[in-house]
Asks: 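Below you will find the structure I want to go over with you.
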Amino acid sequence: MLYELHIENLAVIENATIRFGEHFNVFTGETGAGKSILIGGINAILGQRVYKDIIREGTDRAYVSAVFTDCPQSVSDKLNELGLNPGNELIISREIGSDGRSTARINSRPVTISALHEIGDLLVNIHGQHDSQNLLDQTKHLGILDSYARSDELLLDYQQSFRDLQATARELNKLKSERNQNSKREEYLSEIIEDIGSLEIAVGEDEKIEERFRLLDNAVSLKNALTAATACLSETESDNSAGDLISQAYSELESNEEILPVLKPIDERLSAIGIELEDIATELSKLRDSLEIDDSEYATLTQRRNDLKRIKRRYGTTLDEVIKVYEDAVQESQGLASFDDRITELEEKKSKLLIEVTKKAEKLSEHREAASEKFSHQVAEELSFLNMPNVRLEVKKTRGKLTLSGMDSIEFLISANKGESPKPLAKIASGGELSRIMLALKTVLADRDAIPTLIFDEIDSGVSGRAAQKIGIKLKEISRKHQIICVTHLAQIAIMADDHMLIEKHESGDRTITNITHLDFNSRKYEIARILGGDNITETVLKDAEEQLNNAMKGE
């Protein structure tokens with residue numbers, strides 16, 4: 001609950017400290033006394049926008065602070081999320097400079113205005129004439145019904161699946177777009193893979209082919225050279241071969257070995273040379289015979305040689321570079337091909353999620369449908385109490401496409417008179433009726449609203465008499481479960497309060513100053529009398545005011 005509010009130099013409020021009761025607090029005062037400034041101060045500590053012209057003239061800053069006690073668990077959770085340690089008390093402050101800049105603190109720790117707003121939304125809910133107008137906005141109606149139906153668990157479960165569906169659809173669309181953009185690249189890679197891969201190139205193959213090609217290309221000249229060399233060495237090929245001459249020399253020397261023994265080792269050497277020459281001649285003869293040209297092999301070899309030269313001209317200077325280009329293309333192509341696998345996988349996932357989300361949306365819709373009738377009945381009962389006995393509220397529910405809130409579109413229709421069909425609020429509700437409809441909704445939602453403090457700024461606008469008295473009774477009823485702070489100009493509401501504060505302004509020198517006073521019973525009696533009778537307060541009016549206060553305190 002809001003325990004204390006301190007304001008300095010905020011418009012006509014120079015310095016004020018207000019302590020609130022935990023139940024029904026009411027502020028009264030003449031028009032222009034500063035009631036709107038009080039609400040403005042509360043808005044400031046809730047993170048709402050403030051302007052430098054709100055600073056009291058002649059000062060360079062305005063300061064507002066608030067002390068909250070008995071905060072709900074949601075506030076502690078949010079403080080932990082923001083890195084702020086929750087304590088027994090929560091102190092929020094905001095300072096607004098004359099340059100328009102402002103600083104905010106929570107428990108003396110500097111925070112952003114957005115953080116202030118997040119915390120404020122969990123602490124206080126302010127309802128004014130503008131908020132009553134929000135009832136005319138159909139988009140707000142679904143949230144009201146869900147609050148009543150306690151749809152939180154179903155809605156959160158549905159929203160998780162819906163967000164999964166959205167994320168899957170986004171990824172799927174992104175992959176499809178990328179695949180379309182990569183189609184030309186895939187075609188290019190396919191050409192590379194087909195062009196190089198069809199040749200089935202082996203590492204170093206070009207060097208071996210060049211070696212074999214040179215051999216076959218020079219086969220005739222090589223064969224002639226080998227034939228001539230063989231003839232020079234082999235006595236079977238020529239009469240004057242080296243082998244024949246060595247043989248003759250051997251014969252000449254052999255016959256004279258007995259006369260000159262030293263010739264024997266020389267003769268042995270000649271014999272060895274003769275054998276070696278014969279072996280060489282035989283080997284050369286075999287090489288010559290192997291050089292028979294196979295036209296088919298030569299043609300095949302020539303074609304292969306040309307293919308390898310072409311592929312190197314296109315993809316690299318060496319065969320190793322060509323092979324690298326091929327391997328990279330294969331790898332990239334496989335990566336692009338995985339797009340199709342991932343797309344197929346995501347399409348299957350999307351289909352399953354769509355079924356899941358649709359089922360959860362239908363379950364949520366059925367839950368809302370079940371709550372609608374009871375909701376309509378309870379709101380109608382509250383409106384009847386608030387002097388709108390013939391009002392009938394209908395929840396119009398239509399199903400449409402899946403959204404973050406489900407498949408339902410909700411609109412509240414009102415029939416204000418017997419025999420009239422329900423119509424949208426905007427077409428039939430007056431300002432006073434809207435105030436009472438909003439109060440009826442807050443009453444119905446009292447058990448479900450987790451925000452501890454509710455502020456009503458002139459909710460009594462457009463109503464009077466018995467209807468105003470009923471509003472006071474209803475606010476008193478809501479204050480059993482929420483702290484209520486109400487700014488009013490009606491005595492019927494003011495007398496129901498547990499704590500009554502008077503806002504009044506007076507002149508001090510050449511300045512206007514607003515004071516806020518907590519009234520005791522006697523002071524309340526005079527203030528109620530002023531509201532009832534104006535400045536001319538008679539004994540009769542005072543007695544009437546006292547009687548009404550006593551009756552309210554007795555619960556009559």
Side-chain angles (χ1 to χ4, degrees), residues 168-231 233-234 279-352:
T168 301
R170 283 195 297 269
E171 185 179 356
L172 180 59
N173 292 336
K174 179 182 177 183
L175 286 178
K176 285 183 176 180
S177 176
E178 290 178 0
R179 184 182 64 180
N180 292 336
Q181 293 173 2
N182 290 329
S183 59
K184 291 185 178 180
R185 180 65 177 173
E186 285 183 292
E187 291 176 6
Y188 173 67
L189 293 173
S190 296
E191 289 178 4
I192 293 176
I193 294 169
E194 175 62 26
D195 197 13
I196 300 176
S198 61
L199 295 179
E200 298 181 354
I201 299 170
V203 176
E205 181 184 358
D206 55 339
E207 295 176 358
K208 294 178 181 178
I209 286 177
E210 284 299 325
E211 182 182 342
R212 180 64 176 165
F213 185 81
R214 284 195 302 270
L215 183 65
L216 294 182
D217 202 37
N218 294 280
V220 174
S221 60
L222 284 171
K223 189 173 182 179
N224 291 336
L226 290 172
T227 298
T230 302
L233 298 177
S234 176
D279 287 342
I280 292 173
T282 301
E283 189 170 343
L284 290 176
S285 180
K286 289 179 180 179
L287 282 173
R288 179 192 60 192
D289 294 340
S290 70
L291 291 176
E292 292 295 333
I293 298 176
D294 184 337
D295 292 338
S296 175
E297 180 190 2
Y298 186 78
T300 301
L301 198 65
T302 300
Q303 181 62 49
R304 185 66 173 176
R305 182 170 177 260
N306 292 337
D307 287 342
L308 294 182
K309 283 184 176 181
R310 176 187 62 79
I311 214 75
K312 284 192 288 186
R313 283 195 302 269
R314 187 169 183 180
Y315 299 109
T317 57
T318 67
L319 210 56
D320 287 344
E321 292 177 357
V322 172
I323 294 172
K324 181 67 166 59
V325 169
Y326 172 78
E327 291 174 345
D328 290 346
V330 169
Q331 184 175 0
E332 185 178 351
S333 180
Q334 289 173 344
L336 294 177
S338 67
F339 270 57
D340 292 333
D341 295 337
R342 181 59 177 159
I343 286 172
T344 300
E345 178 185 338
L346 287 174
E347 285 177 337
E348 292 176 355
K349 181 180 179 182
K350 180 183 175 182
S351 296
K352 291 179 181 178

Asks: With sequence neighbours left out, what residues match K176 under salt bridge (charged side-chain N to carboxylate O under 4.0 Å, His left out)?
Replies: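 Testing K176 for salt bridge (charged side-chain N to carboxylate O under 4.0 Å, His left out), a comparison that skips the adjacent residues, returns E347.
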Asks: With sequence neighbours left out, write down each residue that passes side chain to side chain donor-acceptor pair (under 3.5 Å) with E171, or none if nothing qualifies.
Replies: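 E171 satisfies side chain to side chain donor-acceptor pair (under 3.5 Å) with R342 only.
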Asks: With rounding to the nearest 0.5 angstrom, report the CG to CD distance, L172 to E348.
Replies: 11.5 Å
Asks: How long is the span from the CD1 atom in I201 to the CG atom in L319, to the nearest 0.5 Å?
Replies: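 I201 CD1 to L319 CG: 5.0 Å, rounded to 0.5 Å.
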Asks: Could you list the residues that satisfy side chain to side chain donor-acceptor pair (under 3.5 Å) with Q303, not counting sequence neighbours?
Replies: D307
Asks: The criterion is salt bridge (charged side-chain N to carboxylate O under 4.0 Å, His left out); which residues satisfy it with K349, sequence neighbours excluded?
Replies: none
Asks: So, using side chain to side chain contact (heavy atoms under 4.5 Å, CB included) as the criterion, who are the partners of S190 when residues are at least two apart?
Replies: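 For S190, no residue satisfies side chain to side chain contact (heavy atoms under 4.5 Å, CB included) once neighbours in sequence are set aside.
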Asks: Where is the tightest heavy-atom contact between I193 and S333, given as atom of each residue plus distance?
Replies: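 Scanning both residues completely, I find the closest heavy atoms to be CD1-CB, 3.8 Å.
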Asks: Going by the rule side chain to side chain donor-acceptor pair (under 3.5 Å), which residues pair with T344 if we only count those two or more places apart in sequence or in a different chain?
Replies: none
Asks: Donor-acceptor check, side chain of S198 to backbone of E194, threshold 3.5 angstrom: yes or no?
Replies: yes
Asks: What pairs with E210 under side chain to side chain donor-acceptor pair (under 3.5 Å), at least two apart in sequence or on another chain?
Replies: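 In terms of side chain to side chain donor-acceptor pair (under 3.5 Å), with neighbours along the sequence ignored, E210 is linked to R305.
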Asks: How would you list, by chain and number, every residue that makes a side chain to side chain contact (heavy atoms under 4.5 Å, CB included) with Y315, sequence neighbours excluded?
Replies: I192, D195, I196, I311, V322, V325
Asks: Report the residues that fulfil salt bridge (charged side-chain N to carboxylate O under 4.0 Å, His left out) with K350, sequence neighbours left out, ordered by chain and then residue number.
Replies: none
Asks: Taking only residues two or more places apart in sequence, or in another chain, which ones meet E205 in a salt bridge (charged side-chain N to carboxylate O under 4.0 Å, His left out)?
Replies: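 If we apply the salt bridge (charged side-chain N to carboxylate O under 4.0 Å, His left out) test to E205, skipping adjacent residues, the hits are R304.
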Asks: How long is the span from the CG atom in N173 to the OG1 atom in T168, to the nearest 0.5 Å?
Replies: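 One finds 10.5 Å between CG of N173 and OG1 of T168.
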Asks: What pairs with D320 under side chain to side chain contact (heavy atoms under 4.5 Å, CB included), at least two apart in sequence or on another chain?
Replies: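 Per chain and number, D320 pairs via side chain to side chain contact (heavy atoms under 4.5 Å, CB included) with V203, T318.
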